[in-house]
Amino acid sequence: MQKPVGFCGLGKLGLPLAVALSKKHPILGWDAKPELRQKRIYEHRELGLMGFDDFQQHLDAADLTFAGSVKELVEKSEIIFVAVQTPHGSEYEGVTRVPETRADFDYAYLRQAVKEIVECMFGLEAPITFPNKIIVVVSTVLPGTMRREILPIINELREGILKASLVYNPAFPAMGTCMDDFLNPEFVLLGGNDEIALAKMEVFYHDFYNSRRTYGKLVPIKKMSIESAELVKTSYNCWVSAKI
């Protein structure tokens, strides 16, 4: 029986991505908000495949179940995607003039999600056989964030029986077409310093897309360092904003 892929964060971004991944893998979902740990009438604007059909029908049919706890999510999943919010301050909403002072995103939700996942790994009785659990961060961050905020949490895992690896895998969807954008990407971006984890995620995505074609070409998978991936994500977002 195929092990489920874990998905932490089932909000406006996370749920459509989890539904997209469920086209190939069983998904075990978790969110800190109990009301999100169920299939529900999706209240946000989200179109289906090719931007035409109804997302709700894909949600209803998705191979998506929900963990009763973070511990269950960790125990049953070997790859755990984390797609929690990294909000900015209200004064940086993008409509009014940007303040003279600059501020980073708020990473409190991301730190807490990874911390809870890591703490549950300490309590696992059986050895991890993957050999590593892979924590895949999807959330948007600025360059340097993974090394400063997230890697120290993951490195708390003791060497030996229990071990986890970090891969930064930012998504590039537009709100409203998240599922279709994920299923038909320009490219897949993987950032990491663990070559084994990067190779496993490369195989994961090659298998997931299985010769899906974007603009007549196979979906390219770009592997690089975590910092380079953070910079690519930030630069891509800035370029899109500049075009708009």
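Only a predicted model underlies this, so the values are computations on that prediction, with no experimental measurement involved. Atom set for the values below is all heavy atoms of this structure, side chains included, hydrogens, waters and symmetry mates excluded.
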How far apart are the closest heavy atoms of [X] and [Y], and which atoms are they?
X      : Y      : result
Leu73  : Cys8   : CD2-CB, 4.2 Å
Phe66  : Leu28  : C-CD1, 3.7 Å
Tyr168 : Val141 : OH-N, 3.4 Å
Asp54  : His58  : O-CD2, 3.4 Å
Gly9   : Val84  : CA-CG1, 4.2 Å
Ile154 : Ala164 : CG2-O, 3.7 Å

Mind checking what makes salt bridge (Lys or Arg N to Asp or Glu O under 4.0 Å) contact with [X], not counting sequence neighbours?
X      : result
Asp104 : Arg148
Glu149 : Arg111
Lys223 : Glu202
Arg147 : Glu227

Euclidean distance, [Y] [atom2] relative to [X] [atom1], rounded to 0.5 Å:
X      : Y      : atom1 : atom2 : result
Glu75  : Lys133 : CD    : NZ    : 8.0 Å
Cys178 : Leu15  : SG    : CG    : 10.0 Å
Ile134 : Ser77  : CD1   : OG    : 12.0 Å
Ile79  : Phe7   : CD1   : CZ    : 12.0 Å
Leu110 : Gln112 : CG    : CD    : 10.5 Å
Glu72  : Cys120 : CD    : SG    : 11.0 Å

Pairing residues for [X] by the side-chain hydrogen bond (donor to acceptor under 3.5 Å, both in side chains) criterion, not counting sequence neighbours:
X     : value
Lys39 : none
Asp63 : none
Arg40 : none
Gln85 : none

Without swapping roles, check the side chain of Thr177 against the backbone of Asp180 for a donor-acceptor pair under 3.5 Å. no
Output all residues satisfying side chain to side chain contact (heavy atoms under 4.5 Å, CB included) with [X], sequence neighbours left out; order by chain, then residue number.
X      : answer
Pro143 : Glu230, Leu231, Thr234
Val232 : Leu189, Met224
Ala171 : Leu17, Val138, Pro173

Side chain proximity check, [X] to [Y], heavy atoms < 4.5 angstrom:
X      : Y      : result
Pro185 : Tyr209 : yes
Asp207 : His25  : yes
Leu151 : Ile226 : yes
Leu64  : Leu59  : yes
Leu190 : Lys222 : no
Ile135 : Ser165 : no
Glu186 : Tyr236 : yes
Pro16  : Phe55  : yes

Parallel, tilted or perpendicular, judged at 30° and 60°: which one describes the rings of Tyr205 and Phe81?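 Correct class here is perpendicular.
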Would you sort out whether Val188 and Val219 count as a side-chain contact (heavy atoms from CB on, under 4.5 Å), showing the intermediate values? CA-CA 7 Å; Val188 173; Val219 174; 3.9 Å; yes
Give the C-alpha distance, both sets of side-chain angles, the deciding distance and a yes or no for side-chain contact (heavy atoms from CB on, under 4.5 Å) between Leu10 and Trp30. CA-CA 7 Å; Leu10 300 171; Trp30 164 264; 5.8 Å; no
ring-ring contact (aromatic ring centres under 6.0 Å, His included) against Phe182, all qualifying residues, sequence neighbours excluded: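 Per chain and number, Phe182 pairs via ring-ring contact (aromatic ring centres under 6.0 Å, His included) with Phe208.
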Full working for side-chain contact (heavy atoms from CB on, under 4.5 Å) between Lys76 and Lys3: CA-CA 7 Å; Lys76 294 183 177 179; Lys3 283 195 174 184; over 6 Å; no
Tell me, with the steps shown, if Ile117 and Ile80 meet side-chain contact (heavy atoms from CB on, under 4.5 Å). CA-CA 9 Å; Ile117 291 169; Ile80 303 170; 3.9 Å; yes
Is it the case that over 12 heavy atoms from other parts of the model lie below 6.0 angstrom from the OH atom of Tyr109?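 At most 12 heavy atoms, drawn from other residues, nucleotides or ligands, come within 6.0 Å of this atom.
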